[in-house]
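Data block below; observations after.
These numbers were taken from a predicted model, which means no experiment stands behind them. Worth knowing before you read on, the calculation uses all heavy atoms, side chains too, and leaves out hydrogens, waters and symmetry mates.
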Amino acid sequence: MSRRSRRFGSTTRGHDMPTITSFRSGALAQAEQAFTLLTCEPAPLVFDARPVSGLPDKTMPLDALRKMMLFESYDSDTIDATWRQLALQAREWGPAWVVGAIGVALPALTHFAAKFSRGYPRHAEDIDSEILAEFLHALRTADLDRPRLWMRLTWAAYRGGEAVIKKIRDTEELPVDLSSGSRTPKRPYGHPDLLLGRAAAAGVITSEAAELISATRFGDALIETLAAEKGVTASVLRMRRRRAERAVAAAVVRGELSVPVRTQLREPALA
């Protein structure tokens, strides 16, 4: 008797998941666009389901495979066999099959992204990127002979989202009233950019650090993009931002930034 049947494309029931088109930007949306191009007529990428016990004895476009596996129930042996074939083809048949495998997995990946982004909408693109990166790593490196392959692939993606949330919680050091540039700021600090300007003028942080915080916390800049421009890793830039944010938070607590600073008080403490 086969192991318990379940839907292939997610870790939850299909109607509980967000639609992929609800992700209008970010890595997962880009992956969906690439998958759509890959599976459109007149020459969609085709999966040969005939070697997989439990699937229909035919070939089918990958988007048809995704729909079928998302809305019908298959036992875990069939799911693992399907993903074993997808992973092998992604490893051996080139980039098109990497995109194809990602596309088939997108319902689960977007479900995780929605879950993690709910409380951190400003970090949605970072969450998307890390979920996709961890899934790709597992797709390329997972042991295909061990059981529960699909669970291991999705668990890797889920851990990627968790890791981003942990980093956010570890590095969110600014006062609560600075968490969003769209709210009316409380006195005496003023708009976050004004506060950062005061911190830079007072020598609490450098102007570069102020621009980094402003661009990545209150603007649309991705820290990975800025890191590439500066020739450093994203983790190095996150550490610099974290140190600067702690310095600003400490200065706020001391009352040093409650009024505009007209002259530089001391040499900048942090890059």
How far apart are the C-alpha atoms of Glu32 and Arg66, what are their side-chain angles, what is the distance that settles it, and do they pass the salt bridge (Lys or Arg N to Asp or Glu O under 4.0 Å) test?
CA-CA 12 Å; Glu32 175 62 14; Arg66 180 170 78 177; 3.0 Å; yes
Holding to side chain to side chain contact (heavy atoms under 4.5 Å, CB included), I want the full list of residues that pass it with Arg146, two or more places apart in sequence or in another chain.
Asp143, Arg152
What orientation do Phe47 and Trp97 show, parallel under 30°, tilted 30 to 60°, or perpendicular over 60°?
tilted
Can you tell me if Gln85 uses its side chain to pair, donor with acceptor, with the backbone of Asp48 under 3.5 Å?
yes
Starting at CD1 of Ile205, measure out to CZ of Arg243 and round the result to the nearest 0.5 Å.
12.0 Å
Side-chain ion pair, Arg238 and Glu224, N-O less than 4.0 Å
yes
At what distance, to the nearest 0.5 angstrom, does CG of Leu86 lie from CG of Leu149?
9.5 Å
From CA spacing to verdict: side chain to side chain contact (heavy atoms under 4.5 Å, CB included), Arg159, Glu134:
CA-CA 8 Å; Arg159 288 199 308 269; Glu134 290 302 319; 5.8 Å; no
d(Ile102 CD1, Leu139 CG) to nearest 0.5 Å is 7.0 Å
For Glu130 and Lys167, run salt bridge (Lys or Arg N to Asp or Glu O under 4.0 Å): C-alpha distance rounded to whole Å, both residues' side-chain angles, the deciding distance at 0.1 Å, then the answer.
CA-CA 12 Å; Glu130 196 65 22; Lys167 288 179 182 177; 5.3 Å; no
Using 0.5 Å steps for rounding, measure from the CD1 atom of Ile127 to the OH atom of Tyr120.
8.5 Å
Can you list, by chain and residue number, the hydrophobic cluster partners of Val236 when the side-chain cut-off is 4.5 Å?
Leu212, Ile223, Leu226, Val232, Leu237
Are Gln30 and Asp128 close enough, and set up right, to give a side chain to side chain contact (heavy atoms under 4.5 Å, CB included), and what steps lead you there?
CA-CA 10 Å; Gln30 292 168 16; Asp128 277 18; over 6 Å; no
Roughly how far, to the nearest 0.5 Å, is the CG atom of Leu37 from the CG atom of Leu45?
12.5 Å
Taking atom types as modelled and ignoring hydrogens, do the side chains of Ser76 and Arg148 form a donor-acceptor contact shorter than 3.5 angstrom?
no
So among Lys230, Arg241, Arg240, which one has a salt bridge (charged side-chain N to carboxylate O under 4.0 Å, His left out) with Glu208?
Lys230
For residues Asp126 and Ser129, is any side-chain donor paired with an opposing acceptor at under 3.5 Å?
no
Between Tyr158 and Trp155, what is the ring plane arrangement, given parallel below 30°, perpendicular above 60°, and tilted in between?
parallel
Strictly distance-based, threshold 3.5 Å: is any side-chain N or O of Arg118 a donor or acceptor partner for the main-chain N or O of Ala113?
no
